[in-house]
Amino acid sequence: MTILIMLFSVILSALIQGAIPEFTALGQARVPLLIGAVIYYALNRESEHMVLCAFLAGLLQDGLSMMPMGCSVLCFCVIGYIAGKFRGIVDAGAWITPVAFGGLAAFVSTLLFYGVLAREGMIHCSFWWALLKALGAGLLGLVSTPIIFRILGRMEGATLRYGRS
Amino acid sequence: MNSKKTLVWTTIVLVVIILNLPLPASLRMKDGVRDGLAPFQNVMTLVLSKGKRMFSVVTDANKAISDKEEMLKEIALLREKVRRNESLAEENAGLRANLRFKKRSPHRLIPCEVIGRGDISSWWQTVRLNKGSVHGVKEDLAVITVDGLVGKTTQVSRHTSDVLLITDPNCKVAARFPSGGGFGIVRGQGVTSAEDPSIQMLYSLNPCRMDYIAKTEVILRADSVITSGLGGTYPAGLKVGVVKSVEEHSSGLYKCVAVMPAAELMDLKYVFVVVKEQAGQ
């Protein structure tokens, strides 16, 4: 059931992330829903689930954008792996955890993408613009990740209760 | 512990494989993802636009209720009816204009609907169309609306195609002025702040800039900018936009012009892909 919820949530996140317009004042950053889902599975579930989620989220992001295939997969796996190292150390239920991890992950992933894409000559923007975009993504990650945690937590809780009954 | 190690190694191997996939396989993978999700993207866009319309109705009604509750209930209903009729009339007029434009155009055009706005990774300014290679769309074809140039097709799958907008810095258009004939290159300013980090740039008030115009050229505000046909991607004579301001480049070697795109890029619904006619056709 966890896998089904993950599939559903990642596909829905990708669709919503693509449909919500970018925020021009935040360096045209988009709401980082996919990385939020990866962080959820990294902090709340086994490594297998995190890897599967990172893979799926990365494939969708690469497939639906002009990124080279595998770029987001690598980035999401690395960030998920690092976040997973904190599982058991931090309290995933505390409100500050998704805020901090979501914001940081969105910020770091945006800078990672900038590094890769600028090096490949696929984008033409200055570092300052990328920094603004990363800060914007971080800010949006601060807000969106706790919501993702809450929704996914509720969905998994509900299916667990349903399974028991 | 052992299974964790296996997982880490499997992940690394898979990531390396994906990163090193041959280009055709990588593109096939991309096409699969995009074609698979295209219907859902279409539904999502539809739901969002309906939601937006509903939200505007609610805010209008709330504003009205604060004035006179009883009367405005009726007005809200009437407004909704009028709005519905207006939007239908607007859509009707738009479709008629598109149809006339298609008949009038000297190029072969493929009418397409915009099913997605913006690149999911936010690094490129793109829109996604509902037609792909099976409909005759290929890479590097000009995309236009009734008003003017929109951009060019980049990644084309079987049933969808991505359009790189002219406001993206990666999109360069060979252009000229129909009046004087001066040539230059129009380039998007969408995400770059390298030369002008002012707040204006953040809000993309000057979405495009035309560079490399001869200093002797006389350019006036509101002059039209059209494609020159050089470079081969864009046919000559497509309207790109109008001149907003003129200045000399900091190097003093040429003139630069801020260009406002003629097409309403923020509100694209229907566009046309311009098919290149083969020699002899």
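Naming: A, B, ... by sequence-line order, numbering from 1 per chain. Keep in mind it's a predicted model, so treat the numbers as computed, not measured.
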Go through the atoms of [X] and report whether side chain, backbone, both or neither lie under 4.5 Å from a heavy atom of chain B.
| X | answer |
| --- | --- |
| A/S109 | neither |
| A/I11 | side chain |
| A/A54 | neither |
| A/A19 | both |
| A/L34 | side chain |
| A/Y114 | both |
| A/L15 | both |

* **Max heavy-atom pair count under 4.5 Å with chain B, selected residue of A/F55, A/F113, A/Y81** => A/F55

* Structure fact -> chain B shares the most heavy-atom pairs under 4.5 Å, among A/P21, A/A29, A/S65, with A/S65

* Structure fact -> Interatomic distance, CG@A/L74 vs CD1@B/I18, rounded to 0.5 Å, equals 10.0 Å

* To do: Give a yes or no on this: more than 12 heavy atoms of other residues, nucleotides or ligands lie within 6.0 Å of atom CZ of B/F40.
  => no

* Asked: Just wondering, more than 12 heavy atoms not from A/R87 lying within 6.0 Å of its CZ?
  -> yes

* To do: For each of B/I120, B/T160, B/V33, B/L14, tally heavy-atom pairs with chain A at distances under 4.5 Å, and name the one with the top tally.
  => B/I120

* **Residue of the set A/M122, A/K133, A/Q28 for which side-chain contact (heavy atoms from CB on, under 4.5 Å) holds with B/W123** => A/K133

* Asked: Measuring heavy-atom distances to chain A, does B/L19 have an atom under 4.5 Å in its side chain, in its backbone, in both, or in neither?
  -> both

